[in-house]
Novice: 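Questions regarding the structure given below will be posed in turn.
Model, not experiment: these values are computed from the prediction. So that the names make sense, note that chain A is the first sequence line, chain B the second, and so on, each numbered from 1.
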Amino acid sequence: MSELIADIAVNAPLKQLFSYLVPAEMVEKVAVGKRVKVPFGRRTSTGFILLTRQGSSKGLKKISTLLDEEPLLTPELITLLRWAADYYCHPIGQVIRNALPAGLGSDKTQTRILYEPVYRLLKREPLPRGQKQQELLKLIAEEEKTPLSRIRQEFSTPHSSLNRLVEQGYLEVCEQEIQRDPFLYEKITEDKCLTLNNDQKNAVKSVSDSLEKNSFSPYLLHGVTGSGKTEVYLQSVEKCLNLKRQALILVPEIALTPQLVARFRARFEPKGSKLAVLHSGLSDGERYDAWRRINRNEVDIVIGARSAIFAPLSRPGLIIVDEEHETSYKQSEGFRYNARDLALVRAQQQGCTIVLGSATPSLASYYRSEQGSLQRLELPQRVHTGNLPQVELINLAEEESSQTLANPLIEALQNTLEKREQAMLLLNRRGFAPFLLCTDCGTSFHCPNCEITLTFHQRERLLRCHYCDYAEPPKEVCPNCNGGNIEPEGAGTERLEQEITELFPGARIARMDRDTTSRKGAHQRIVDKMMRREIDILIGTQMIAKGHDFPGVTLVGVLGTDNLLNFPDFRAAERSFTLLTQVAGRAGRATGKGKVFIQTYNPEHYSLTCAAEQNYADFYQLELPFRQELGYPPCGHLVHLVLAGNQPQQVKQQAEQLAEQLFSIATNVEVLGPSPCPLAKLRGKTRYQILLKSAARSSLRSMLADLEALSKNIPGGVGLSIDIDPVDML
DNA sequence: AGCACGCCGACT
DNA sequence: GTCGGCGTGCTC
C-alpha cells in the first residue's frame with residue numbers, strides 16, 4: 001500500500017535523511033520546507049521536511065506535529081543546502097541550522113516575535129492644550145504608524161500624555177510586530193550616482209547586459225585599491241532592482257560598517273527599495289526579524305557577512321561578493337563552508353549574475369578567469385587621483401641598529417606629523433612581545449593546552465595563549481635555572497605603541513587589534529576617530545588594512561613582514577602579497593601622494609616587489625608555477641583531515657591507521673601524512689593531520705565516500721574533522 | 001547531539 | 001548491597 005512519506009532532516013549530527021509517515025490529517029498541510037516534530041529514538045526532535053513522496057510506510061514512525069503554516073525554506077534554498085551538506089561532508093541538519101537565524105533550527109531557544117504598541121493619528125484638531133501633547137502629535141503625524149520605541153527616542157516619559165491623547169480620540173493604539181532593526185531610524189540623505197570612468201562604465205554595462213539575460217553569468221571584478229568598485233556594485237544593483245529582481249551583497253564581517261550600509265540605504269531607500277542587513281553584531285532578535293522580512297519577500301537588497309549567502313531571497317538576480325579573496329568567507333569550525341564558493345553555486349542554481357570583486361583576487365578566482373569560467377572585468381585606474389602610492393622596501397639587513405622601526409620610516413613619520421597628515425603602522429602580531437625568554441638558559445613559556453609560546457601582554461601583566469583562553473602571570477624567576485633575567489623578545493602591537501609614544505611624545509596614537517576592539521562598537525569608535533582626524537598614528541594588526549578608506553592617511557609602514565612570508569603554509573606568498581597590497585593601497589587615496597615603507601629582510605621577494613608596484617598580474621605569473629609543480633590549489637584540490645583527542649598515543653595510532661587505509665584505496669589521490677598539526681596540541685587535544693591532494697575533484701569525492709565508512713571504526717575518544725578546500729591548516 | 005544500556009569503584 | 005562514573009551504540 002502506498003502512502004505519503006516525508007524525508008526529514010533531523011536536528012542531529014547525522015548525514016542521512018529519515019523517513020516518516022505523514023498522518024492522514026496532515027496530508028493537506030504538509031509541504032517541503034516546513035518544520036515538524038518527530039519521534040526520534042527515545043526522544044522527540046525538530047526536523048525539516050526536505051522531500052515528500054509516495055511509498056510504503058512499513059517500519060516508519062509518524063510525524064507528530066507540523067510546526068509551520070508557511071515553509072521556512074524554499075525549494076531553491078533546500079537545493080543549495082543539500083548540495084552544501086554533500087559537498088562539505090557535513091550533517092544536513094547542522095547545515096540547515098547554520099543557514100537559519102538562531103532559534104529557528106534548534107530544539108531549545110525559541111526567538112520570540114515581539115510586539116509593541118503602535119500609535120496612529122486620528123485627528124489633530126482641536127489642538128490639545130499640553131505642549132508635550134502637541135509635540136507628540138507632531139511626531140506621530142510624520143508617519144502612518146509610529147511605534148512606541150520611536151516615540152521613546154524623543155520623549156523620555158511619554159506615557160501619561162499618550163494615554164490622554166488616546167482617551168481624547170486623537171490617537172489610536174494597536175499592537176504591531178516589532179522590527180528590531182538597529183539602522184531603522186538613522187537619518188538618511190539621498191545619494192546620487194557618481195559619474196563613472198570608462199572602465200567602470202564597461203563593467204556596469206557587462207553586468208547589466210547579463211542581468212537582462214536572466215541566466216548564470218559569473219564575473220571577476222579586478223579593480224586596484226581605490227578604483228571605485230563600490231560604485232560599480234551600486235549601479236549594478238540598481239539595474240537588478242529595475243528588472244524586479246533582488247540583490248544579495250556579501251561583505252567580510254569587518255567591512256560591514258554603518259558607513260557601507262548607509263551608502264546603500266542612501267542610494268536605494270529614497271527610491272522605495274527595502275534593505276536588510278545580516279551580520280554577527282545583531283542580537284538574535286534583530287537577526288531573526290531581518291531574516292523574517294526577507295522570507296516574507298519584503299526586502300529587495302540584502303547586505304550581509306558570510307552566512308548571508310543563505311538569505312531566503314526568492315528571486316535573486318545579482319550576487320556580489322566583495323573582497324572575494326578574504327579568508328573570512330571560509331567558516332573555520334563546524335560546517336566548514338566557503339561563502340564565496342557557495343555564492344557561485346547558488347548563482348548557478350538560480351540563474352543569477354554574480355560579481356566577485358577584489359583588488360587582489362584569490363589565486364583561485366584569477367585562475368578561473370584565466371580558464372574562462374569567470375569573465376574578468378578590470379579597473380586599472382584609481383578614480384580620484386590616478387596615482388598609486390609610492391612604495392619603498394627597506395632592507396633590514398642593511399640597517400645598522402636592530403630597532404623596531406628603521407630610520408627612513410622614523411623620518412617619514414616625523415614628516416607626516418609635521419604636515420598634520422595621518423599614518424598607519426601594520427604589525428601583524430598583537431600583544432607586547434611574542435614570547436618571554438630567560439636570557440640565562442633560553443627557557444621560554446608555553447601554553448599547557450596548546451603547543452605554542454605564550455604572548456606577553458604588558459598592560460594586563462599576563463602571558464596569554466592566542467589559541468585558547470589560557471592566561472598566567474609572568475614569572476619573575478626562571479623555573480628552570482632560577483635566574484632573574486627574563487626578557488620580552490620580539491615586538492607586538494602593544495610594544496610598538498609604547499615605542500612610538502616615546503618616540504613621538506606629542507602625537508595622538510591609537511592601537512587597533514583584537515585586544516582593543518573586543519568590546520562591541522570599539523572597532524567603530526577607533527575608525528570614527530581616525531576619520532575625524534583625532535588620531536595621528538594608527539597602529540594595528542591586519543584589521544587596519546581591511547574595510548576602510550581613511551582619506552587623511554598618506555603614510556603606511558609595514559613591520560614584521562618576514563613573519564608573513566615565512567608562515568608555514570603554501571599560501572604564505574599569496575597572503576603576504578594580498579595584505580601588503582591592500583595596506584599599501586590605504587595610503588594617499590584622496591591626495592594621490594601616498595608613501596609606503598615595508599621593512600623586511602627579503603626585499604627581493606616577489607610578494608613584496610609585486611605588492612610595491614600593485615602588480616597583480618606579475619604576482620600571479622610568478623606564484624602559479626609553484627602551485628602547478630606541487631599540485632596545490634588552484635591547480636589541484638585539497639581535503640584536510642584532522643584527528644584530535646585527549647590521548648596522544650591513541651590519536652597518533654588512529655591517524656596512522658586511517659592514513660594507511662586511505663593510502664591502500666587511493667586512486668589518483670595523494671595521501672600525505674599523518675603528521676602532527678602545526679598546532680600539535682590545541683585546547684588540550686592532541687592533533688594529527690592527513691592531507692588528501694588530487695588534480696581531479698571526482699577522485700577526492702569517491703575517496704570521501706570511502707572515508708565515510710572508514711570513520712565509523714574510529715573510537716569515540718578520537719574526533720575526525722573533514723575540511724574540504726581548506727583555507728588554513730593549523 | 002541526546003539518551004539509553006552496561007559494566008566497574010566508593011558510599012549510606 | 002546501590003549510586004553514578006562515562007564508554008559505545010542507535011536514532012526512520
Novice: At under 4.0 Å between heavy atoms, what does A/Pro715 touch on the DNA or RNA strands: base, sugar-phosphate, or nothing?
Specialist: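 No contact.
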Novice: Students often get this wrong, so: under 4.0 angstrom with heavy atoms, is A/Phe40 touching a base, only sugar-phosphate, or nothing?
Specialist: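 Base: the residue A/Phe40, judged by heavy atoms under 4.0 Å, touches a nucleobase.
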Novice: Taking the inter-plane angle between the rings of A/His90 and A/Phe335 on a 0 to 90° scale, is it parallel (under 30°), tilted (30 to 60°) or perpendicular (over 60°)?
Specialist: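 The rings of A/His90 and A/Phe335 lie parallel, inter-plane angle below 30°.
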Novice: Write down the distance between CZ (A/Arg43) and P (B/dC3), rounded to a whole number of angstrom.
Specialist: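 To the nearest whole Å, that distance equals 6 Å.
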Novice: Students often get this wrong, so: under 4.0 angstrom with heavy atoms, is A/Leu14 touching a base, only sugar-phosphate, or nothing?
Specialist: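 Touches a base.
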Novice: Taking the six-membered ring of A/Tyr288, is NZ or CZ of A/Arg292 closer than 6.0 Å to its centre and within 45° of its axis?
Specialist: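 Output yes; distance and angle both within limits.
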Novice: Where does the chain A footprint on DNA chain C start and end, counting 5' to 3' with a 4.0 Å heavy-atom cut-off?
Specialist: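 Both ends considered, the range comes out as C/dT11 to C/dC12.
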Novice: Could you tell me whether A/Lys652 atom NZ has more than 12 heavy atoms of other residues or ligands within 6.0 Å of it?
Specialist: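 12 or below, so no.
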Novice: With salt bridge (Lys or Arg N to Asp or Glu O under 4.0 Å) as the rule and sequence neighbours excluded, what pairs involving residues 81-91 of chain A come up?
Specialist: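 Listed by first then second residue: A/Asp86-A/Arg701.
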Novice: Does the side chain of A/Ser19 come under 3.5 Å of the side chain of A/Arg53 through a donor N or O and an acceptor N or O?
Specialist: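 A/Ser19 vs A/Arg53: donor-acceptor pair found between side chains.
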Novice: Where each residue is assigned the nucleotide of DNA chain C containing its nearest heavy atom, which of A/Gly59 and A/Arg42 is assigned the position nearer the 5′ end?
Specialist: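 In this pair, the answer is A/Arg42.
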Novice: Residues in ring-ring contact (aromatic ring centres under 6.0 Å, His included) with A/Phe310, at least two apart?
Specialist: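 For A/Phe310 the ring-ring contact (aromatic ring centres under 6.0 Å, His included) partners, ignoring immediate neighbours, are A/Tyr337.
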